[in-house]
Each structure stands twice: as structure tokens, then as C-alpha cells.
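Predicted, not measured: the structure shown is a model, and the values here were computed from it.
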Amino acid sequence: MDWHDRIAIDPKVLVGKPVVKGTRIAVELVIDLLARGYSKEQILEQYDHITVDDIQACLAYASETPSGSSSRHAASPSA
């Protein structure tokens, strides 16, 4: 999965934190919920405007982004 299709980084949205495109749901929130034991289904129930593909994109983003790095430098430029 190419997370670039579903994750946006915009300094005007949540101070540049990576978010699910078209929302103000931070990747960090989704990852935190999964780490706390929430299932994908529970997340989708609480945040019904995201999809299972959005959750997968959050996981892909987290796996490709070095821990502690600035999120503004993690995204590749738009083509």
C-alpha cells in the first residue's frame, strides 16, 4: 500500500502532523488506538468517516517513518 495516497501533511492542518486525507484524524491517533488494543472495527465504529484502507495507510506510514523524525520531512513531494 502506498500511504501517500491516503495520508496528508499540511502545516495548516494539526500543525503539520500527518493526517488521514480529508480529515483531521492524525496518524498518531490511529497508531495509538491500535497500540492500546483497539481493533480496526472499533476504530471504524468511532471514526466512521475513515476506512480500513486509511488505517492500513497509517500503519504503512508509521513503518516507513523513522521514530522521532519530523513529520514534515517524512512525506515525499507531490509528483
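I43 and I7 fall within the same hydrophobic cluster, where Ile, Leu, Val, Met, Phe, Trp and Tyr residues are linked whenever their side-chain heavy atoms come under 4.5 Å apart, directly or through other members. Note on V13: it does not cluster hydrophobically with W3, by side-chain heavy-atom contacts below 4.5 Å among ILVMFWY residues.
Each of K40, R6, K21 was checked for a salt bridge (Lys or Arg N to Asp or Glu O under 4.0 Å) with D54, and the lone residue meeting it is R6. Considering V30, L33, L34, I50 in turn, V30 is the only one that fulfils the side chain to side chain contact (heavy atoms under 4.5 Å, CB included) rule with C58.
Summarising the geometry of P18 relative to Y61, their closest heavy-atom pair is CG-OH, 3.5 Å, with the distance given to 0.1 Å. Contact detail for H4 and D2: the closest heavy-atom pair is ND1-OD1, 2.6 Å. The minimum heavy-atom distance between I9 and G16, with the atom names listed, is CG2-O, 3.2 Å.
Between V19 and V27, every side-chain heavy-atom pair lies at or beyond the 4.5 Å cut-off. The shortest distance between side-chain heavy atoms of I25 and H49 falls below 4.5 Å. The shortest side-chain heavy-atom distance between V20 and Y47 does not fall under the 4.5 Å cut-off.
Distance check: L14 CG to K12 NZ gives 14.5 Å after rounding to the nearest 0.5 Å.
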